[in-house]
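A quick write-up on the structure given underneath.
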Amino acid sequence: MNSAVATQVTWTLVVLLLSPVLIESQRSPFTGQGCEVVDLIFILDRSWSLRSPENFQKELNFVAQVVSVLDFDKSRVSVVTFSDDADLNIKFNDYFRLDDFQRAVRALPWIGGNTYTHKAIEMMLQEYNQHVRDRAGITTIGVVVTDGGSTDPYKLEDVVKVVHNDRIEMFAIGVGDEVNQQELEMLASGYDHVYLLNDLNSLSDVQDKLTARFCRGTPAPSTQAPPQDITDCSEPVDLVFVLDSSWSLMTETNFQKELKFVTDVVSALSEQMGQSRLSVITFSDQATLAISFSVYSTKSDFVQKVLNLPWIGGNTYTDKALEMMYKQFDRFREVGRRPVGVVITDGGSTDPFRTQSVIKKVKEKGITMFAIGVGMSINKEELKMIASQPVAEHEFMVDDLDGLNMLRSTLVSRLCPGPTKTPLCRSEPADIFFLVDKSSSLKNRGNFLKELEFIARIIDTIIVGVGPDDSRVGLISFSTEALLEFGMSEYTSNEAVKRAVLALNFTTGDTYTHKAFDIMIDQFKRFQRTSSRVKKIGFVVTDGQSTDPNSLKQSIREVQALGIEMYAVGCCEISGAGDFDSEELLMMASDPSNVFHVDDLDDLRTISVELNLKKCT
C-alpha cells in the first residue's frame, strides 16, 4: 500500500470523564523539544455537576498546563465549552503566544446546565472543517473533558459515527465513579485507547500521556484490562479474511500490519465465537488459501498461523480471491452457519470487469461482505460493490495501514448478528412533586432561595414536556399550612418550571410536613398517568423536624402504598432549636441512598442528585 497517502490529516480524540472534585494539574516533564506540530482542540464540560466555578477553573488550569509543551509558533489550540449549548470560546487563530492563550483560557466563565456532549463535538468538527485544507499533514487532537454521561446519548452516538467515518482516532479516559463506561468504549477506537482512573489525583498521569501522544507520537499503554466487545456470536459464523498481498504494500512490515489487524479482531471475538470457523485467503497475481476453514479451540493457534503468513507481492487480482472465497463457502457450507467475508485491499482490481462479475455471484450466494479500503489508490466504486447493504455499515476507508487499528471495535461489533449496539441510557418519564419547606426557621427569603436554586438544578437533569417520554413537575410549599404552588401540567418546559420555582414567595410558620405529603398524594391519585413507564417521585427539602410527626408517619404509609419513590434532603435547624431528626429523614425517603443531609443551606450547592430515571437499552 502506498505510503504517500500519509499526507492525509489524522485526528485523535481524547475523552476525559471527571468527577466533581478536580485537582490541580502538574507541569508536564516534556519541554517541547521533539514534539510534533499539532492542532489541539479542548472540549470542556461546564455543566451544573461540576458544582462550582472553582472546579471549572481547575479544568482550565489543566488545559493551560497541557499546552505548555507546545511550540505556539507552529501549533494551534482551540477551546469549546459546553453544557446546554456549546460555544467556540477560543478559535485556532486567536492566539499565537502561550502566555496569551493561558490568560484567555483561565478567564472562561462557568455557565452550568446539562451535559449535551454531542453539541460540543459537532462544533469541534465545524472548527476542524474550516481549517483542514490549510493544515494538510498536521495532526489534530481533540480533548474532551466531562464529568458524566451525555444528556442525549442517541445524538452523541450519531456524532461519533461521523467522527469514526472521518477516521478520527479516539481515546477515552474516565475518572471517578460516575463514568459511563459504555459511552467511553463507544467513543474510543479500541480497548488500548481507554483509560479509567480511580480519582483525580491521577490526572497528572493523564497529562503526561497527552503530551506523550504529540511529543513521542504514541500514547502510553492503557493500565486497564481489555474490555469485552459487546457482541453475540452465539450463531456460528464462517469467517473468511481476504487479504491483499500485492506489491503496492511495499514492505513485509506493511503486510504484517494487515495480519496483526486480523489477529486483533479474532482475539476480540474469541470468547464469543463458540463453534465458528475461521479462514484466510491472500491474493496478488494468484489467490492462496493460506488457512482453510477450521474451528480453533484456542485463539493462540489461529493467531500464530496468521502471523507466520508470508508476503507474496504481485498484481491485485481481487476477483481470484473472491472466487476462491465463495467456492470455499460452497464446499463447506452447513445449515445454521452464517457466511461472512472481510476484504482488505489497498487498490483497485487488476481485472475490474471480471471482479464485478464475481461480486455478483458472491451477492447471489447471500454472503455478508465487509470491504476495507486503505490509502488513496483504492477504487471506491469497486469497494462499494463488494460491501453488503447497507453499504455505510459494511464499507470502511482508512488513510494507511496504521489506521486499521481504529476499525477493530467497529468491525467486531458488526461481524455478529446479536445485540451488537453499545448500550445507551436515556431518561425515562416521571411525574415529580417537590415539597419545599418555607417555615420560620429559614429566617429570610435569601435562605428560602437557596432551597429553590437547589431544586432548579435538579430540574436541569430531567426533560420536562408534554410528550409520553417527557416528565412533569409540580411543587408544594409548606409551613403551618401547605400550598399547591403549581400542578404537574401547568408548566411544559424546563425553563418555565424553573422560572416558576425561583419566583415563589417566602412565608413563615411551623413545619407541618404531612400536609404537603397529603396534597401530593391527592395530586397523584387524581392526575397520575396510566403508563407503567412513568415513575412517581416525591422530593422533600426541609430544614427541621415535622411539627406533627405522628400524622407524617400516617402520610408516609400512604405514599409507600401508592409506590411513590421519595427523596429527602435535610438541613440543620437555622433557628438553633436543635439538631435535625435524621431518623425522620430516613423514614421519609424510599431508600437510605435517597437521603441527603447538609450542615448549612449553602452546602446544597455541593449536592449532586441524580433521580433514578435512567433506562439502558
Side-chain angles (χ1 to χ4, degrees), residues 9-16 18 22-47 50 52-83 85-112 119-146 173 200 203-204 206-217:
V9 176
T10 302
W11 270 64
T12 305
L13 178 61
V14 184
V15 181
L16 298 172
L18 304 184
L22 299 171
I23 66 167
E24 295 288 356
S25 300
Q26 298 177 1
R27 179 79 179 183
S28 171
F30 299 101
T31 61
Q33 297 180 355
C35 296
E36 66 177 300
V37 176
V38 296
D39 286 348
L40 185 58
I41 302 181
F42 287 93
I43 304 172
L44 308 179
D45 190 333
R46 63 187 185 194
S47 63
L50 285 175
S52 69
E54 291 75 20
N55 284 330
F56 182 61
Q57 188 63 48
K58 293 173 184 176
E59 286 190 74
L60 304 180
N61 290 339
F62 172 72
V63 172
Q65 290 290 342
V66 170
V67 302
S68 64
V69 303
L70 297 178
D71 180 354
F72 260 69
D73 289 336
K74 299 176 181 177
S75 294
R76 303 179 307 178
V77 184
S78 174
V79 177
V80 175
T81 62
F82 70 97
S83 51
D85 293 300
D87 292 315
L88 180 58
N89 302 90
I90 298 177
K91 299 177 181 179
F92 272 140
N93 294 325
D94 282 352
Y95 298 98
F96 297 95
R97 288 170 47 88
L98 173 62
D99 53 350
D100 291 340
F101 173 84
Q102 289 175 323
R103 277 194 298 271
V105 76
R106 286 179 171 132
L108 295 180
W110 179 49
I111 304 296
K119 295 182 180 180
I121 294 182
E122 286 173 346
M123 184 157 287
M124 174 186 72
L125 291 171
Q126 291 174 16
E127 173 72 345
Y128 162 73
N129 288 329
Q130 289 181 8
H131 299 277
V132 61
R133 294 182 182 274
D134 302 329
R135 303 284 284 181
I138 302 298
T139 299
T140 303
I141 300 174
V143 181
V144 178
V145 183
T146 180
I173 303 173
L200 285 158
L203 193 57
S204 59
V206 175
Q207 178 180 317
D208 292 344
K209 289 178 174 65
L210 290 181
T211 51
R213 172 61 189 88
F214 45 82
C215 289
R216 294 174 180 166

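Numbers here simply count residues along the sequence, with the first being 1. All figures in this text were calculated on a predicted structure; none of them were measured in a lab.
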Starting from the C-alpha separation in whole Å, work towards a yes-or-no answer on side-chain contact (heavy atoms from CB on, under 4.5 Å) for Val77 and Ile90.
CA-CA 8 Å; Val77 184; Ile90 298 177; over 6 Å; no

Can you tell me how far CG of Leu40 sits from CG of Leu70, rounded to the nearest 0.5 angstrom?
6.0 Å

Return the CD to OH distance between Gln102 and Tyr95, rounded to the nearest 0.5 Å.
12.5 Å

Under a 3.5 Å threshold, yes or no: a donor from one side chain and an acceptor from the other, between Thr81 and Asp87?
no

Quick one: side-chain contact (heavy atoms from CB on, under 4.5 Å) partners of Ala86, sequence neighbours excluded?
Val80, Phe82, Lys119, Ala120, Met123

Please check: side-chain N/O of Asp100 versus main-chain N/O of Arg97, any donor-acceptor pairing under 3.5 Å?
no

Going by the rule salt bridge (charged side-chain N to carboxylate O under 4.0 Å, His left out), which residues pair with Arg106 if we only count those two or more places apart in sequence or in a different chain?
none

Those residues that, when tested against Ser83, pass side-chain contact (heavy atoms from CB on, under 4.5 Å) (two or more places apart):
Arg46, Ser47, Ile111

State, with a plain yes or no, whether a side-chain heavy atom of Leu44 is found less than 4.5 Å away from one of Val79.
yes

Measure the shortest side-chain to side-chain distance between Asn89 and Leu108 over non-hydrogen atoms and say whether it is less than 4.5 angstrom.
yes

Check whether any side-chain heavy atom of Val143 sits under 4.5 Å from a side-chain heavy atom of Ile43, and report yes or no.
no

Sequence-distant partners of Ser78, side-chain contact (heavy atoms from CB on, under 4.5 Å), two or more places apart
Ile41, Leu88, Phe92, Glu127

With Phe101 via ring-ring contact (aromatic ring centres under 6.0 Å, His included) - residues at least two apart
Phe72

Spatial distance of atom CH2 (Trp110) from atom CD (Glu59) [nearest 0.5 Å]:
11.0 Å

Hey, are the side chains of Asp99 and Arg103 touching, using non-hydrogen atoms and a 4.5 Å cut-off?
yes

Looking at every non-hydrogen atom in both residues, tell me the closest pair between Phe42 and Val67 and how far apart they are.
CE1-CG1, 3.5 Å

Between Ser75 (side chain only) and Val38 (backbone N and O only), is there a donor and an acceptor less than 3.5 Å apart?
yes

Kindly write out the residues that satisfy side chain to side chain donor-acceptor pair (under 3.5 Å) with Asp39, not counting sequence neighbours, or none if the list is empty.
Arg76, Arg135

